[in-house]
Amino acid sequence: MQDNIFLKIIRKEIKTDFLYEDDEVLAFYDIHPIAPVHVLIIPKKPIQSIAQMSEEDSPIIGKMFWVARNIAKDLNISEKGYKLLIRVGKDGGQEVPHLHLHLLGGARLAENIHPV
Ligand code: 5GP
């Protein structure tokens, strides 16, 4: 897997404030938010996307959702609701080739899923 911006964040070569960190998972605010709350949750393991995950990665991906759920609670968006989004590959609109879960909330969000 080629180097990318999230691997640099994991290696702490790019200074980033973390909302959460453990041995497996990191969470931080998206640099270009598309919602009032926009957090990215990523695995530390270099997994390119859901398409490239293996069965043994399932617990890490479950952990990413658990962390998203807890951050949503901490940021007080849990009650009103939020969106969890994972883009996969080119047609899915994935730009950074390292698996990431978007936590989007703080406002009612439009669906906006159209072919380009
Ligand atoms: P994708 O389109 O691949 O699902 O999402 C990649 C996300 O990473 C985008 O929302 C983009 O704004 C975010 N991003 C790209 N580079 C950086 C960075 O250096 N720092 C942070 N915090 N977010 C980034």
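Just so you know, residue 1 is the first one in the sequence shown, and it goes up from there. Indexing begins at 1, ligand by ligand and atom by atom, following the structure's order.
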Next on the checklist: So which atom in Lys44 and which in His98 form the shortest heavy-atom distance, rounded to 0.1 Å?
Outcome noted: O-CE1, 4.3 Å

Checklist entry - Does a donor on one side chain and an acceptor on the other come within less than 3.5 Å for Gln52 and Ser49? => result yes

Checklist entry - Which protein non-hydrogen atom lies closest to atom 8 (O) of ligand 1, naming both residue and atom, and how far is it? => result Phe6 CZ, 3.4 Å

Checklist entry - Would you say the side-chain atoms of Lys63 pair up with the backbone N or O of Pro43, donor to acceptor, closer than 3.5 Å? => result no

Item to check | Main-chain N/O of Val96 paired to Gln94 side chain as donor or acceptor, under 3.5 Å | outcome: yes

Checklist entry - Does NZ belonging to Lys80 count more than 12 external heavy atoms closer than 6.0 Å? => result no

Next on the checklist: Any nitrogen or oxygen of Arg87 lying under 3.5 Å from a nitrogen or oxygen in ligand 1? Just yes or no.
Outcome noted: yes

Checklist entry - Relative to the heavy atoms of Gly93, which atoms of ligand 1 are at a distance of less than 4.0 Å? => result 2 (O)

Item to check | Asn70 side chain to Val67 backbone, donor-acceptor under 3.5 Å | outcome: no

Checklist entry - Can you list the atoms of ligand 1 that are under 4.0 Å from a heavy atom of Gln94? => result 3 (O)

Item to check | Min N/O separation Val96 to ligand 1 under 3.5 Å | outcome: yes

Next on the checklist: Test your reading of the structure: does His100 have an N or O sitting under 3.5 Å from an N or O of ligand 1?
Outcome noted: yes

Checklist entry - Any heavy atom of Lys8 sitting closer than 4.0 Å to ligand 1? => result no

Next on the checklist: If we only consider heavy atoms of Leu40, is any one of them less than 4.0 Å away from an atom in ligand 1?
Outcome noted: yes

Checklist entry - Under 3.5 Å between some N or O of ligand 1 and some N or O of Thr16? => result no

Checklist entry - Counting both backbone and side chain atoms, is some N or O of Ile31 under 3.5 Å from an N or O of ligand 1? => result yes

Checklist entry - Lys8 side chain to Asp3 main-chain N or O, any donor-acceptor pair under 3.5 Å? => result no

Next on the checklist: Tell me the contacting part of Phe28 for ligand 1: side chain, backbone, both, or neither, using a 4.0 Å heavy-atom threshold, strictly below.
Outcome noted: side chain

Next on the checklist: For atom 22 (N) of ligand 1, what's the nearest protein heavy-atom neighbour? Residue, atom name and distance, please.
Outcome noted: Tyr29 O, 2.9 Å

Next on the checklist: Out of all atoms in ligand 1, which are within 4.0 Å of some heavy atom of His32? Include the element for each.
Outcome noted: 12 (O)

Checklist entry - How close does the nearest protein non-hydrogen atom get to atom 10 (O) of ligand 1, and which residue and atom is it? => result Asp30 OD2, 2.5 Å

Next on the checklist: Please list, in number order, the atoms of ligand 1 under 4.0 Å from a heavy atom of Ile5.
Outcome noted: 16 (N), 19 (O)

Next on the checklist: For residues Tyr20 and Leu85: do they belong to one hydrophobic cluster (side chain heavy atoms under 4.5 Å, members Ile, Leu, Val, Met, Phe, Trp, Tyr)?
Outcome noted: no

Checklist outcome for this item: Minimal heavy-atom distance between Ile41 and Met64, with the atoms involved, is O-CE, 3.4 Å

Checklist entry - Is a side-chain N or O of His32 found less than 3.5 angstrom from the main chain of Asp30, in a donor-acceptor match? => result no

Item to check | Which of the ligand 1 atoms, numbered from 1, are nearer than 4.0 Å to a heavy atom of Glu95 | outcome: 1 (P), 2 (O), 3 (O)

